[in-house]
2 protein chains.
Amino acid sequence: MASSRNLQAKTCQVPDTTVVEGDCLDILSEQRAHFADLVYIDPPFFTQKHHKLKTKDRSRTFSFSDLWDSHEEYARFFFDRLQVCWQVMRPTASLYFHCDRNAVHIVRMILDEVFGNENFRSEIIWTYRRWSNSRRGLLPAHQNILCYTKSSDFTFNTIYTEYSPSTNIDQILQQRERDADGKSVYKRDSHGQPIANGSKRGVPLGDVWDIPYLNPKARERVGYPTQKPILLLERIISLSSNPCDLVLDPFCGSGTTLVAAKMLGRKYMGIDTSRDACELAQSRLDNPIKSESNLLQSGRESYRNADEEILRFLHEISFAPVQRNRGIDAILDREIDGKPILVRIQRQSETVYECATKLLKASNGKDAGALFVIKTHDENTLGFFDAIPSNVTVFDSTSYSIGEAIKQLNIHEPLAGR
Amino acid sequence: MASSRNLQAKTCQVPDTTVVEGDCLDILSEQRAHFADLVYIDPPFFTQKHHKLKTKDRSRTFSFSDLWDSHEEYARFFFDRLQVCWQVMRPTASLYFHCDRNAVHIVRMILDEVFGNENFRSEIIWTYRRWSNSRRGLLPAHQNILCYTKSSDFTFNTIYTEYSPSTNIDQILQQRERDADGKSVYKRDSHGQPIANGSKRGVPLGDVWDIPYLNPKARERVGYPTQKPILLLERIISLSSNPCDLVLDPFCGSGTTLVAAKMLGRKYMGIDTSRDACELAQSRLDNPIKSESNLLQSGRESYRNADEEILRFLHEISFAPVQRNRGIDAILDREIDGKPILVRIQRQSETVYECATKLLKASNGKDAGALFVIKTHDENTLGFFDAIPSNVTVFDSTSYSIGEAIKQLNIHEPLAGR
DNA sequence: AAAGTAAATGAATCAGTAA
DNA sequence: GTTACTGATTCATTTACTT
């Protein structure tokens with residue numbers, strides 16, 4: 001039963017920006033058809049924890065019905081609700097269903113049934129880095145988002161991204177033609193020069209999205225367990241709706257979708273069975289806070305200070321690159337008296353003395369076992385070389401193997417099992 | 001029927017390194033049980049191209065059997081073959097099933113049935129960059145690999161990767177303890193200094209793998225249309241088998257799996273119904289080739305030339321960064337007479353003259369419409385400034401808006417529709 | 001000068017798509 | 001179905017540079 005605490009909802013038609021308490025099956029059944037331009041669904045995840053499948057006789061005949069038995073309840077719940085979602089969607093609307101690896105195959109089958117396989121558009125992979133655990137196997141680092149549209153004529157705003165660093169875009173900017181054999185070749189003028197072909201917009205966005213998981217300390221976080229990054233929602237809303245379109249979230253939870261929709265100038269309707277969730281969502285909408293974390297703004301790569309080129313000097317020895325500290329480039333896998341060895345590689349623009357000083361300063365409070373500086377080029381160091389602190393060891397990358405030099409020191413291998 | 005052209009196969013037991021022609025259903029039924037340590041399956045992908053679902057009455061009752069009708073043939077084929085795979089797997093063995101977004105949900109249900117949901121381990125996402133096209137929607141850029149094991153006690157060798165650039169690695173290297181309130185805090189010695197925790201091995205490998213797509217020109221390529229990169233197979237084999245273990249590929253195609261297995265010192269058995277495929281696989285095994293490209297060795301980022309800091313000088317105008325050419329930082333989205341405008345931003349270590357010279361040289365043979373240099377800092381350019389080539393325009397980033405300056409030039413917008 | 005390294009260029013491809 | 005056409009990617013080759 002719909003138990004809406006929203007006055008407008010009781011009169012069947014809700015306004016363009018609202019949060020409604022109740023079961024979306026009931027609420028949406030009362031709405032007029034074809035009002036939503038974009039539906040985002042992020043329901044409680046399906047886990048089979050307490051639902052071990054019974055032991056099977058593996059030689060018996062294959063039966064499809066068996067495959068469904070354990071999923072029937074879950075499937076029916078969403079089939080019913082996706083049906084009403086389909087009904088309220090405009091002809092050009094899209095639906096995104098957020099799920100994880102335990103449910104994606106079931107959801108996919110239901111969506112195929114409701115929307116038709118021909119309206120399946122994408123399986124989006126949201127990938128993120130997260131804390132590792134001791135689990136045996138690969139660290140799960142993605143969730144799946146299925147995208148269906150109501151028809152083949154759907155709203156879609158292509159987002160263009162940068163070319164791969166290894167792409168030669170000047171070649172892309174050349175005209176092509178067919179040669180005598182019908183083969184496609186780059187066109188050249190009478191002087192043998194390639195002929196330009198104007199500008200390009202970049203690479204269309206793909207279906208694998210690397211978006212940082214919400215930082216547990218971020219202000220944006222409001223304490224809802226499955227809260228999604230606002231960046232993820234913003235991307236979906238930008239792709240599949242236009243300003244003033246209506247975004248519907250039938251399981252709105254803490255209201256991230258609605259906040260993103262509001263910020264992008266879309267109308268929105270959120271539904272949740274929990275009164276707490278609805279109140280939380282409404283308070284976020286009244287005072288939206290978007291995380292301004294460095295990570296989201298400048299991208300993960302901006303943290304990279306020890307780049308590949310620098311680290312190449314260490315290729316002979318095993319180490320862990322340090323990306324977050326401007327003074328330290330790497331920590332070796334070997335150690336001295338159980339204490340880590342910190343390394344900095346001399347930059348082109350700095351002297352060995354400056355390099356050693358930066359490393360020394362960065363090592364403050366780190367309880368380092370040793371400090372190593374890798375000298376990468378010759379310089380006029382006459383005056384300064386004596387001033388290098390005695391607890392810093394300087395290795396010359398140009399004269400002999402760093403690996404050999406380090407082996408000659410009495411350094412212990414790390415203890416096993418760590 | 002098994003029509004093996006391999007003498008050993010006819011005697012039921014094949015040797016430890018072999019390629020057999022025939023249907024894996026027949027071949028594997030003849031084998032002894034429990035001989036395979038790792039099974040990799042990469043069958044022809046399931047496409048519903050010629051199988052449009054009939055129009056449905058969307059208001060009728062939900063029926064599970066309908067969902068399966070269109071997939072039944074495909075599902076039964078693999079159910080039968082996965083059963084025999086299961087039978088030949090050792091108790092500690094793993095099976096990897098490679099498929100794409102059109103089949104992953106069906107395969108998942110079958111594998112749940114054969115192995116049990118409790119033995120589902122991972123959904124691996126293989127992501128890659130590839131050519132784009134004019135498709136409306138997101139560019140498909142991943143394939144799915146499902147991993148199941150025969151039991152909960154399975155072979156697994158964790159692979160460690162580098163920490164994310166944003167990881168606070170020096171904190172990881174500190175010992176932790178519980179404080180009076182039972183909260184986990186970083187341990188400090190009597191002087192308040194943090195105590196080191198030795199070295200770490202890095203982050204356990206996750207389930208999203210960015211591995212370059214096999215290039216059309218790669219020497220590794222043998223002309224098989226769906227050939228997979230050896231690196232992908234090497235990773236799977238390293239993770240889930242040990243040296244001398246046996247790797248089975250029931251749909252071996254051109255034999256990439258077998259080549260990777262051989263290179264890693266594993267035994268292998270390949271099966272394919274096509275005689276051509278078997279012969280191709282055998283010839284690759286006799287003379288294995290693996291690409292050692294710069295991209296694989298140094299990573300995509302090693303191509304990067306113009307970093308964020310440099311490109312920030314162009315924030316007012318729209319452009320495409322150029323990463324592959326050391327002399328050019330960007331190509332503007334605007335053009336002159338249909339020819340591209342090439343830009344280089346002055347580095348801290350170079351003069352305007354040097355900057356212009358590098359750009360001019362790099363522009364050779366590029367049919368540029370104009371060459372722009374962005375001056376970033378003052379210098380003693382008295383003598384050199386006159387020597388700057390006349391076809392290079394110098395903009396001063398410090399004096400006034402670059403965007404405004406460029407707008408004042410008579411530059412055409414790119415033609416629409418490109 | 002010769003050899004070896006690094007950078008720039010070109011070619012081939014389409015578990016491509018759209019009409 | 002069949003045909004026509006697309007364009008980013010990556011590796012191999014060629015050219016440039018360094019020692």
Side-chain angles (χ1 to χ4, degrees), chain A residues 121 152 160-179 181-188 192-194 197-206 309 312 398, chain B residues 42-50 52 98-104 126-145 210-231 251 253-254 289-300 302-303 305 320 322-328 358 361-366 417-418:
Chain A
R121 296 291 158 219
S152 58
Y160 292 95
T161 62
E162 280 193 11
Y163 291 89
S164 163
S166 55
T167 294
N168 36 352
I169 76 164
D170 41 327
Q171 190 181 34
I172 291 174
L173 292 172
Q174 292 169 22
Q175 288 181 32
R176 285 207 294 195
E177 62 183 347
R178 301 260 171 207
D179 69 3
D181 303 328
K183 222 177 62 176
S184 177
V185 295
Y186 290 98
K187 199 170 176 178
R188 288 167 185 282
Q193 291 289 302
N197 190 25
S199 57
K200 297 278 170 174
R201 291 169 297 192
V203 187
L205 183 66
E309 194 181 353
R312 206 172 297 151
T398 55
Chain B
D42 180 19
F45 282 0
F46 172 65
T47 48
Q48 273 196 323
K49 258 180 207 162
H50 316 295
K52 282 274 163 70
H98 193 128
C99 50
D100 75 350
R101 60 193 206 284
N102 296 304
V104 64
W126 170 37
T127 172
Y128 44 82
R129 293 169 162 270
R130 39 155 262 196
W131 58 94
S132 67
N133 49 41
S134 49
R135 174 188 150 106
R136 187 174 183 79
L138 296 168
L139 191 66
H142 78 274
Q143 287 173 21
N144 310 61
I145 304 171
D210 185 350
I211 294 178
Y213 202 86
L214 193 58
N215 186 272
K217 287 204 76 177
R219 202 179 299 170
E220 185 179 315
R221 183 175 271 272
V222 294
Y224 215 75
T226 62
Q227 194 181 342
K228 301 292 178 294
I230 284 186
L231 187 62
F251 299 83
S254 60
I289 296 169
K290 182 189 165 190
S291 300
E292 294 287 355
S293 72
N294 180 49
L295 183 71
L296 288 175
Q297 273 181 1
S298 319
R300 205 172 270 130
S302 70
Y303 286 80
N305 161 52
V322 175
Q323 304 296 1
R324 222 205 33 144
N325 189 304
R326 299 255 168 222
I328 306 168
K358 281 181 188 167
K361 198 176 155 202
S363 74
N364 187 26
K366 292 267 192 291
R418 277 199 308 220

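Here is how names work: the chains are called A, B, and so on, in the same order as the sequence lines, proteins then strands, and each is numbered from 1.
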- Any donor-acceptor pair under 3.5 Å joining the side chain of B:Asn133 to the base of C:dT17? no
- Item | Quiz item: A:Gln171 side-chain donor-acceptor pair to C:dA11 base, under 3.5 Å | yes
When we call it a touch if two heavy atoms are under 4.0 Å apart, what does [X] touch: a base, just sugar-phosphate, or nothing?
X	value
B:Ser293	sugar-phosphate
B:Pro140	nothing
B:Tyr128	nothing
B:Lys366	sugar-phosphate
B:Asp42	base
B:Pro229	nothing
B:Arg101	nothing
B:Leu295	sugar-phosphate

Check the phosphate of [N] against [X], side-chain N and O only, distance under 4.0 Å to OP1 or OP2. Yes or no?
X	N	result
A:Ser164	D:dT10	yes
B:Asn215	D:dT9	no
A:Ser166	D:dT10	yes
B:Arg135	D:dT6	no
B:Arg219	D:dT13	yes
B:Arg129	D:dA8	no

- Please walk me through it: do B:Leu214 and B:Lys228 pass side-chain contact (heavy atoms from CB on, under 4.5 Å)? CA-CA 7 Å; B:Leu214 193 58; B:Lys228 301 292 178 294; over 6 Å; no
- Task: Scan every strand shown for a Watson-Crick or G-U wobble partner of D:dT19, both distances under 3.5 Å, and answer none if you come up empty.
- Result: C:dA2
- Pair assignment for C:dA15, Watson-Crick or G-U wobble, requiring both distances under 3.5 Å: none
Rounding to an integer number of Å, can you tell me how far [X] [atom1] sits from [N] [atom2]?
X	N	atom1	atom2	answer
B:Glu220	D:dT9	CD	P	20 Å
B:Asn364	D:dT15	CG	C1'	12 Å
B:Lys228	C:dC14	NZ	P	12 Å
B:Lys217	D:dT14	NZ	C1'	11 Å
B:Leu139	D:dA8	CG	C1'	9 Å
B:Ile145	C:dA15	CD1	P	16 Å
A:Tyr163	D:dT10	OH	C1'	16 Å
B:Trp126	C:dA15	CH2	C1'	10 Å

- Message: Quick check on DNA chain C: between A:Asn168 and B:Tyr213, whose nearest nucleotide comes earlier from the 5' end?
- Response: A:Asn168
- Query: Pick the nucleotide of DNA chain C nearest each of A:Asp170 and B:Arg221; which residue has the one closer to the 5' end?
  - Reply: A:Asp170
- Note on the structure: Side-chain contact check for B:Arg136: nearest option of D:dC11, C:dT13, C:dA18 is C:dA18
- Candidate list B:Arg129, B:Arg300, B:Arg130, test side-chain contact (heavy atoms from CB on, under 4.5 Å), partner B:Pro212, passing option: B:Arg300
- Item | side-chain contact (heavy atoms from CB on, under 4.5 Å) between B:Tyr303 and A:Thr167, intermediate numbers included | CA-CA 9 Å; B:Tyr303 286 80; A:Thr167 294; over 6 Å; no
- Note on the structure: Judged by nearest nucleotide, the residue sitting upstream toward the 5' end of DNA chain D, B:Lys361 or A:Thr167, is A:Thr167
- Task: Give the ring-plane orientation class for B:Tyr213 versus B:Trp131, where under 30° counts as parallel, over 60° as perpendicular and anything between as tilted.
- Result: perpendicular
- Task: Sticking with atom C1', work out how far C:dC14 lies from C:dA18, rounded to a whole angstrom.
- Result: 14 Å
- Item | Which atom of B:Asp210 lies closest to which atom of B:Tyr128, heavy atoms considered | OD1-CA, 4.4 Å
- Message: Has B:Ser363 got a side-chain atom pairing as donor or acceptor with B:Lys366's backbone, closer than 3.5 angstrom?
- Response: no
- Message: Between B:Asn305 and B:Asn325, is there a side-chain heavy-atom distance shorter than 4.5 Å?
- Response: no
